[in-house]
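One-based numbering, in listed order, for ligands and for the atoms of each. Along the sequence shown, residues are numbered consecutively beginning with 1.
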Amino acid sequence: MTFSEPMFKNKELQDKVIVVTGGGSGLGKSMSEYFLALGAKVIITSRNLEKLEKTSKELKETTGGEILPVACDVRNYEEVELMLAKTLDKFGKVDCLLNNAAGNFISPTERLSSNAFDTIIDIVLKGSKNCTLAFGKHWISSKKEKATILNIVTTYAWTGSGYVVPSAAAKAGVLAMTRSLAVEWAKYGIRLNAVAPGPFPTKGAWDRLLPGELKEKFDVTKKVPLRRVGEHQELANLAAYLLSDYSAYINGEVVTIDGGEWLQGAGEFNMLEQIPKEMWDMLEMMIRAKKEKK
Ligand code: HXC
Ligand code: NAP
């Protein structure tokens with residue numbers, strides 16, 4: 001097998017009803033496609049109904065699965081409640097929520113207007129809160145036996161990062177919410193986990209994080225010890241596992257899938273990777289020589 005193959009081979013998500021926010025494009029679309037192939041019924045939501053309808057048609061054709069496109073701006077709680085109602089109307093239940101919708105762009109923080117900062121916080125943190133609260137209330141009041149929420153964050157949720165400060169602050173909030181509710185809502189049978197992807201090329205992210213010549217100027221694979229970017233199927237495999245009953249004992253976890261990227265940035269001496277092999281004999285000699293002189 002190869003890492004880019006589908007991991008589950010049967011209908012491991014048979015009859016699970018899964019809502020994927022931001023499911024019309026990028027990683028949300030790839031994950032939705034795999035969930036459908038595994039027998040799930042999927043609701044994809046975002047602001048752009050035309051895009052959602054196009055994606056639904058395409059995924060119906062590729063997987064033969066049941067998919068419902070619903071327009072919903074996650075920033076608006078009433079729209080989220082309506083999206084939940086449409087889901088229940090169509091499928092009679094909902095088992096999983098994947099908080100994947102996001103907004104982001106690079107900018108020195110001092111250039112941002114207050115509204116620009118709020119826009120990102122509202123999509124990422126308030127949007128995830130809106131969906132989590134609406135779905136959680138429904139599951140608790142309907143006494144559903146088990147339900148799962150998976151939140152897509154990223155590694156700067158705990159390292160922080162300049163130039164994407166609203167996104168970093170919002171993702172950190174989503175991670176804190178994941179861990180907090182994993183404990184508080186476990187008694188209701190609701191599991192919450194998060195996934196922290198490193199670089200996975202999508203048009204949405206690349207246009208906003210690596211515009212123009214930045215793509216050539218900064219080779220993202222050089223930041224990754226495994227020297228490659230992620231493949232969408234790899235993330236879809238992980239998400240399918242975390243939403244499936246196979247992960248029933250995993251709760252409050254954040255799983256990093258970044259080829260070691262954040263640790264390479266964090267390790268004090270990881271820059272020594274740039275030392276050519278043949279230099280190590282000389283360096284060792286120099287270090288040992290200091291000791292012998294004492
Ligand atoms: C400075 C900017 C800006 C920019 C927008 N604004 N772009 N400020 N630099 N490049 C300001 C606007 O002037 C406005 O402020 C405010 O932000 C809101 O902008 P709107 O265009 O009105 O907002 P909206 O139409 O809601 O669009 C939201 C958006 C847009 C985030 C700006 O890019 C979007 O729709 N994004 C959705 C998809 C996305 O971002 N995908 C990437 C996810 S990647 P004023 O003050 O003028 O009103 C990701 C990766 C994480 O999350 C980890 C990677 C490793
Ligand atoms: P993307 O294609 O731009 O996905 C973002 C999605 O969010 C879009 O479908 C967008 O659809 C939707 N969205 C934006 N604002 C919304 C709103 N207010 N209400 C509802 N939906 C909204 O980018 P992506 O790379 O696939 O990102 C998916 C997730 O992965 C995000 O959480 C991102 O932070 C995370 N991530 C990505 C990477 C990466 O390398 N790609 C790395 C780490 C984490 P509309 O515009 O139609 O609303």
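Contacts with ligand 1 closer than 4.0 Å are made by side-chain heavy atoms of R208 only, the backbone lying farther away. At a heavy-atom distance under 4.0 Å, no atom of E261 approaches ligand 1.
Counting non-hydrogen atoms of other residues, nucleotides and ligands closer than 6.0 Å to NZ of K137 gives a total of 12 or fewer. For K144, the NZ atom counts as densely surrounded, since its 6.0 Å shell holds more than 12 non-hydrogen atoms of other residues, nucleotides or ligands. Within 6.0 Å of NZ on K187 lie more than 12 heavy atoms contributed by other residues, nucleotides or ligands. Residue-environment remark: CD (E78) stays at or below the threshold of 12 foreign heavy atoms within 6.0 Å. Within a 6.0 Å sphere centred on CD of E213, heavy atoms belonging to other residues, nucleotides or ligands number 12 at most. Within 6.0 Å of the CE atom in M271, the count of heavy atoms belonging to other residues, nucleotides or ligands exceeds 12.
Under the rule for a ring-ring contact (aromatic ring centres under 6.0 Å, His included), the partners of Y246 that lie at least two apart in sequence or sit in another chain are F8. Under the salt bridge (Lys or Arg N to Asp or Glu O under 4.0 Å) criterion, E184 pairs with no residue at all, not counting sequence neighbours. R227 is linked by a salt bridge (Lys or Arg N to Asp or Glu O under 4.0 Å) to nothing, counting only residues two or more places apart in sequence or in another chain.
In this structure, atom 38 (C) of ligand 1 lies nearest to the protein heavy atom A102 O, 3.4 Å. At the top of the distance list for atom 11 (C) of ligand 1, counting protein heavy atoms only, stands A116 CB, 3.6 Å. Considering only non-hydrogen protein atoms, atom 52 (O) of ligand 1 sits nearest to N104 ND2, 3.4 Å. Of the protein's non-hydrogen atoms, the one nearest atom 23 (O) of ligand 1 is T119 CG2, 4.0 Å. Among all non-hydrogen protein atoms, the one lying nearest atom 51 (C) of ligand 1 is Y156 OH, 3.4 Å. Looking from atom 1 (C) of ligand 1 to the surrounding protein, the closest heavy atom is F105 CE1, 3.5 Å. Scanning the protein for heavy atoms near atom 24 (P) of ligand 1, the closest one is R47 NH1, 4.0 Å.
For the pair R191 and Y249, the cation-pi test (distance below 6.0 Å, angle within 45°) is failed.
Within a 4.0 Å radius of atom 34 (C) of ligand 1, the protein contributes one or more non-hydrogen atoms. The protein does not reach atom 29 (C) of ligand 1 closely, with no heavy atom under 4.0 angstrom from it. For atom 26 (O) of ligand 1, the nearest protein heavy atom lies under 4.0 Å away. Per-atom contact check: atom 6 (N) of ligand 1 touches the protein, criterion being a heavy-atom distance below 4.0 Å. Atom 17 (O) of ligand 1 is flagged as protein-proximal [any protein heavy atom, distance under 4.0 Å]. Using a 4.0 Å threshold on non-hydrogen atoms, atom 13 (O) of ligand 1 does not count as touching the protein.
Not close to ligand 1: K203, with no non-hydrogen atom less than 4.0 angstrom away. Assignment of R111 to the shell around ligand 1 is not supported, since no heavy atom sits closer than 4.0 Å. Using a 4.0 Å heavy-atom cutoff, L209 is listed among the residues neighbouring ligand 1. Under the 4.0 angstrom criterion for non-hydrogen atoms, I120 is in contact with ligand 1.
The shortest N/O to N/O separation between K171 and ligand 1 does not fall below 3.5 Å. Backbone and side-chain nitrogen or oxygen atoms of N115 are examined, and one is located within less than 3.5 angstrom of a nitrogen or oxygen of ligand 1. The distance criterion of under 3.5 Å between nitrogen or oxygen atoms is not met by S167 with respect to ligand 1.
Distances from atom 45 (P) of ligand 1 to the heavy atoms of S113, S107, G22 show the closest one on S113. Around atom 42 (C) of ligand 1, the closest heavy atom drawn from G204, A168, P108, S25 belongs to G204.
Atoms of ligand 1 found under 4.0 Å from any heavy atom of R75, numbered from 1 in the order shown, are 26 (O). Close approach of ligand 1 to T154 is summarised as follows: ligand atoms under 4.0 Å from at least one heavy atom of the residue are 53 (C), 55 (C).
Between N151 and T178, the side chains place a donor N or O and an acceptor N or O closer than 3.5 Å (distance only, hydrogens not considered). For the 3.5 Å distance criterion, the side chains of T221 and D219 qualify, holding a donor opposite an acceptor. Inspection of the E33 and T62 side chains reveals an N or O donor paired with an N or O acceptor under 3.5 Å.
Between Y156 and S167, the closest side-chain pair of non-hydrogen atoms falls below 4.5 Å.
Residue S32 comes nearest to I44 through the heavy atom pair OG-CG2, 3.5 Å, listed as atom of the first residue, atom of the second, then distance.
Comment: R179 does not engage E253 in a salt bridge, judged by the lack of any side-chain N to carboxylate O separation of less than 4.0 angstrom.
Protein residues lining ligand 2, listed by chain and number: G22, S25, G26, L27, S46, R47, N48, K51, C72, D73, V74, R75, N100, A101, A102, I123, I152, V153, T154, K171, P197, G198, P199, F200, T202, G204, A205, W206 [non-hydrogen atoms, distance under 4.0 Å].
Ring geometry, W158 versus W262: the interplanar angle exceeds 60°, so the pair is classed perpendicular (tilted spans 30 to 60°).
Checked against a 6.0 Å centroid threshold, the rings of W185 and W139 do not count as neighbours.
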